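Here the structure is laid out as structure tokens; the discussion comes afterwards.
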Amino acid sequence: MAHVQRHPLAAQAADLLLQRIRAGEWPLGHKLPGETTLAAQLGVGRSTLREAVRELSGKGVLESRQGAGVFVTALDVAEGWDTILRRADIVAVIEARLAIETECAALAATRRTPADLRAMWKALAARAEASTSVEDLVDADTAFHRTVVAAAHNDILTGMFEAFIPRSRRAMVDMLKIRPLPDEQADHHAHEVLLDAIRRRDAVAAASASRVHLTSLKQTFG
């Protein structure tokens, strides 16, 4: 049985527990041995074991259930968004944006407030007046889409959208420097159509406008 050899003990204990879970010693949903037994197996104190369990609980691998014990809830640590997005190509990112922003557009049409509309109109006007710098154009475009997502009033969707922006921005700037949009006026009009559908509270039209616009963007990068 492997024991912890170096500091920090809790991190090492967490690593050893994770190795044993990955090896299949405790299947998904299985209860871990009692605290005293497990601490002895790892060669650490009970307080160190508790810290290790907290670390893996924070990563979604374990779950402590009061009065019941500690259970396996995942067989490995999920990759963080940053790692996934660094590896993803821009088409995959746009496909994810399609899923998020199409739903946000529909929700925005039903939930938007007068303040949301004002923010969208302001962002659209700023987008039309953005300088010819590719970076400024991309940032102005992102600012408009952010107002639409915000108008959906769903914190989870907003967080997902924001997670995609750094990766999307880099790729769009790089691509547009090589291959500018074929018709910037048509692209801007697509945003006007989206905003008008949200203004009219037409969820179906808003979702369709968002889907058409982002699909066109995907084809540009594809």
Side-chain angles (χ1 to χ4, degrees), residues 79-109 111-113 115-200 202-203 205-222:
E79 287 186 301
W81 274 116
D82 288 345
T83 301
I84 294 171
L85 290 172
R86 279 196 299 270
R87 192 171 59 239
D89 63 43
I90 186 58
V91 171
V93 172
I94 293 174
E95 287 173 348
R97 283 186 58 189
L98 262 163
I100 295 168
E101 294 187 48
T102 297
E103 180 63 17
C104 282
L107 290 173
R111 298 177 179 176
R112 57 85 173 162
T113 65
D116 291 326
L117 274 182
R118 287 194 295 272
M120 281 184 267
W121 283 117
K122 183 177 179 180
L124 187 63
R127 186 184 185 281
E129 297 171 2
S131 74
T132 55
S133 160
V134 170
E135 289 83 356
D136 288 347
L137 288 171
V138 169
D139 288 342
D141 181 75
T142 299
F144 172 76
H145 284 274
R146 182 176 282 114
T147 63
V148 174
V149 172
H153 296 281
N154 182 303
D155 290 342
I156 295 175
L157 290 173
T158 297
M160 293 173 71
F161 171 81
E162 292 297 341
F164 284 101
I165 291 308
R167 175 69 181 90
S168 176
R169 182 186 188 279
R170 288 193 300 272
M172 288 185 67
V173 167
D174 290 344
M175 181 59 73
L176 291 175
K177 285 182 176 179
I178 299 171
R179 188 193 311 170
L181 290 173
D183 190 339
E184 289 187 11
Q185 286 189 339
D187 183 66
H188 188 73
H189 178 66
H191 291 75
E192 293 175 328
V193 170
L194 171 58
L195 177 50
D196 184 62
I198 293 172
R199 179 189 62 80
R200 292 185 287 105
D202 189 334
S208 177
S210 179
R211 185 180 299 109
V212 168
H213 165 60
L214 288 170
T215 298
S216 175
L217 186 64
K218 174 185 171 182
Q219 291 169 347
T220 297
F221 284 94

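Being a predicted model, the structure only gives us computed values, none of them experimental.
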Nearest heavy atoms of A140 and A126, plus distance in Å: CB-O, 4.3 Å
In short, T147 meets A119 closest at the heavy-atom pair CG2-O, 3.8 Å
Salt bridge (charged side-chain N to carboxylate O under 4.0 Å, His left out), that's the test. Do D136 and R127 meet it? Break it down for me. CA-CA 9 Å; D136 288 347; R127 186 184 185 281; over 6 Å; no
Without hydrogens or angle criteria, can the side chains of D141 and H191 be said to hold a donor-acceptor pair below 3.5 Å? yes
Could you tell me whether E162 and R146 have a side-chain N and a carboxylate O separated by less than 4.0 Å? yes
4.5 Å side-chain heavy-atom contact, F144 and L194: yes
How many angstroms lie between OG1 in T215 and CD1 in I94, if you round to the nearest 0.5 Å? 9.5 Å
Mark yes or no for whether S210, through its side chain, and A207, through its backbone, hold a donor-acceptor pair below 3.5 Å. no
Is the shortest heavy-atom distance from the side chain of E101 to the side chain of V148 under 4.5 Å? no
Taking all atoms of both residues into account, what is the closest heavy-atom pair of A106 and A206, and its distance? N-CB, 4.4 Å
Pairwise distance CE(M160) to CG(N154) - rounded to 0.5 angstrom: 9.5 Å
Side chain to side chain contact (heavy atoms under 4.5 Å, CB included) for E95 and L214? Distances and angles first, verdict last. CA-CA 8 Å; E95 287 173 348; L214 288 170; over 6 Å; no
Derivation of the side chain to side chain contact (heavy atoms under 4.5 Å, CB included) call for L124 and E192: CA-CA 8 Å; L124 187 63; E192 293 175 328; 3.8 Å; yes
R97 and I100: side chain to side chain contact (heavy atoms under 4.5 Å, CB included), yes or no, with the steps? CA-CA 5 Å; R97 283 186 58 189; I100 295 168; 5.7 Å; no
Testing the basics here: between A205 and D202, what is the closest heavy-atom pair and its distance to 0.1 Å? N-OD1, 3.0 Å
Does S216 use its side chain to pair, donor to acceptor, with the backbone of V212 at less than 3.5 Å? no
For R169, all residues meeting side chain to side chain contact (heavy atoms under 4.5 Å, CB included), sequence neighbours excluded: E135, V138, D139, V173
Any side-chain heavy atom of T113 sitting closer than 4.5 Å to one from H153? yes
When the ring centroid of H213 is compared with that of H188, is the distance short of 6.0 Å? no
List in chain and number order the residues that pass side chain to side chain contact (heavy atoms under 4.5 Å, CB included) with D174, two or more places apart in sequence or in another chain; answer none if no residue qualifies. none
Side chain to side chain contact (heavy atoms under 4.5 Å, CB included) between L176 and L137, intermediate numbers included: CA-CA 10 Å; L176 291 175; L137 288 171; over 6 Å; no
Closest heavy-atom contact between V93 and S168? CG1-CB, 4.0 Å
So, for A108 and I198, which heavy atoms are closest and what is the spacing to 0.1 Å? O-CG2, 3.8 Å
Using atom types as modelled and distance alone, determine if a side-chain donor or acceptor of R112 lies under 3.5 Å from a backbone N or O of A152. no
Excluding sequence neighbours, so at least two apart, what forms salt bridge (charged side-chain N to carboxylate O under 4.0 Å, His left out) with D116? none
